[in-house]
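The chain is numbered in sequence order, starting from 1.
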Amino acid sequence: MTKKILLLLCKGFEVMEFTPFVDVMGWAREDDEDKTDIQVVTCGLYNKMVTSTFGIKVQVDVLLSEIIKSLDEFDALAIPGGFENYSFYEEAYSEDVLQLIRDFDSKGKHIASVCVAALALGKSGILKGRNATTYRNSLREHSVRQQQLRDFGANVIADQPIVIDKNVITSYNPQTAPHVAFELLSRLTNENKAKKVKALMGF
């Protein structure tokens with residue numbers, strides 16, 4: 001059975017947090033002994049060409065407006081984080097994105113966020129009373145972003161790299177991105193498949 005992931009790229013997304021979803025699911029598909037039909041569809045909010053943090057441009061497969069009526073086709077939503085200086089929150093906090101998050105959560109579908117993308121989940125309201133995390137600067141004692149997530153009503157697990165609460169995966173910095181992708185793969189397939197792909201990729 002085909003599994004489909006909607007990979008949402010907001011303006012100012014981090015490339016390092018985006019590519020692991022493409023690579024991990026690609027390796028899962030190319031495993032000769034156990035091919036898995038898992039598709040990643042990249043999605044932009046308003047433009048087909050999305051500019052990342054540090055200026056890398058990525059052409060997405062679809063715009064949200066083009067697939068809004070066919071969201072039932074997707075099994076999971078993945079959202080990389082990004083930099084405020086590159087206008088990440090301008091799109092991540094838009095009502096279109098917040099409603100997309102609510103729609104996936106209301107149906108119990110998997111939602112995987114990396115780093116500060118969890119703040120969009122928090123602003124949508126789905127993290128109230130739930131365990132989650134977001135960016136934590138290890139060079140500072142107090143995390144501004146984690147406090148923002150608390151202000152949205154989340155129970156922040158400050159020192160845990162990846163936090164899972166039911167259908168939602170959150171993480172606390174860019175280096176967690178591959179591991180978030182492996183966790184999503186495990187949930188869409190099974191734990192053994194994720195372990196095999198992880199080993200094939202050298203993790």
Is it the case that one hydrophobic cluster holds both [X] and [Y], taking links as side-chain heavy atoms less than 4.5 Å apart, direct or via other members?
X	Y	result
F74	I38	no
V41	F104	yes
I162	L188	yes
I164	I101	no

Test question: given the 4.5 Å side-chain rule for I, L, V, M, F, W and Y, name all other residues clustered with [X], or answer none.
X	answer
M49	none
I157	V163
Y172	none

Discussion item. Any heavy-atom pair between the side chains of V15 and F13 that's under 4.5 Å?
Written reply: yes
Test your reading of the model: is there a side-chain donor-acceptor pair from [X] to the backbone of [Y], 3.5 Å cut-off?
X	Y	answer
D75	K4	yes
T170	T133	yes
S143	Y135	yes
S52	G12	no
K193	A28	yes
T42	L7	no

Discussion item. Counting only heavy atoms not in K107 (residues, nucleotides, ligands), do more than 12 fall under 6.0 Å from its NZ?
Written reply: yes
Item to complete: Not counting sequence neighbours, list each pair that qualifies as a ring-ring contact (aromatic ring centres under 6.0 Å, His included) and has a residue in residues 38-65.
Response: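 Listed once each, the pairs are F54-F83, F54-Y86.
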If you round to the nearest 0.5 Å, how far is [atom2] of [Y] from [atom1] of [X]?
X	Y	atom1	atom2	result
R102	L121	CZ	CG	11.0 Å
L63	I68	CG	CD1	11.5 Å
F21	L8	CZ	CG	11.0 Å
M25	T36	CE	OG1	10.5 Å
K3	L185	NZ	CG	11.5 Å
E95	L100	CD	CG	11.0 Å

Fill in: Pair D103-Q99, side-chain contact (heavy atoms from CB on, under 4.5 Å): steps then yes or no
CA-CA 6 Å; D103 287 346; Q99 189 56 49; 2.9 Å; yes
Worksheet entry | Full working for salt bridge (charged side-chain N to carboxylate O under 4.0 Å, His left out) between E191 and K198 | CA-CA 10 Å; E191 187 176 352; K198 187 181 290 188; over 6 Å; no
Worksheet item: Quick one: side-chain hydrogen bond (donor to acceptor under 3.5 Å, both in side chains) pairs with a partner in residues 108-119, sequence neighbours left out?
Response: none
Practice prompt. Determine, stepwise, if the pair H179 / S171 fulfils side-chain contact (heavy atoms from CB on, under 4.5 Å).
Written response: CA-CA 9 Å; H179 303 286; S171 74; over 6 Å; no
Worksheet item: Does a salt bridge link K196 with D31, judged by any charged N lying under 4.0 Å from a carboxylate O?
Response: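 Here K196 pairs with D31 in a salt bridge, since their nearest N and O are under 4.0 Å apart.
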Discussion item. Restricting to non-hydrogen atoms, name the atom on V40 and the atom on R29 that form the minimum distance, rounded to 0.1 Å.
Written reply: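 Nearest pair, atom of V40 first, then R29: N-NH1, 4.5 Å.
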Worksheet item: Which atoms form the tightest heavy-atom contact between E90 and K11, and what is the distance?
Response: OE2-NZ, 2.7 Å
Discussion item. Taking salt bridge (Lys or Arg N to Asp or Glu O under 4.0 Å) as the definition, give me every residue that meets it alongside D105, ordered by chain and number, with sequence neighbours left out.
Written reply: R130
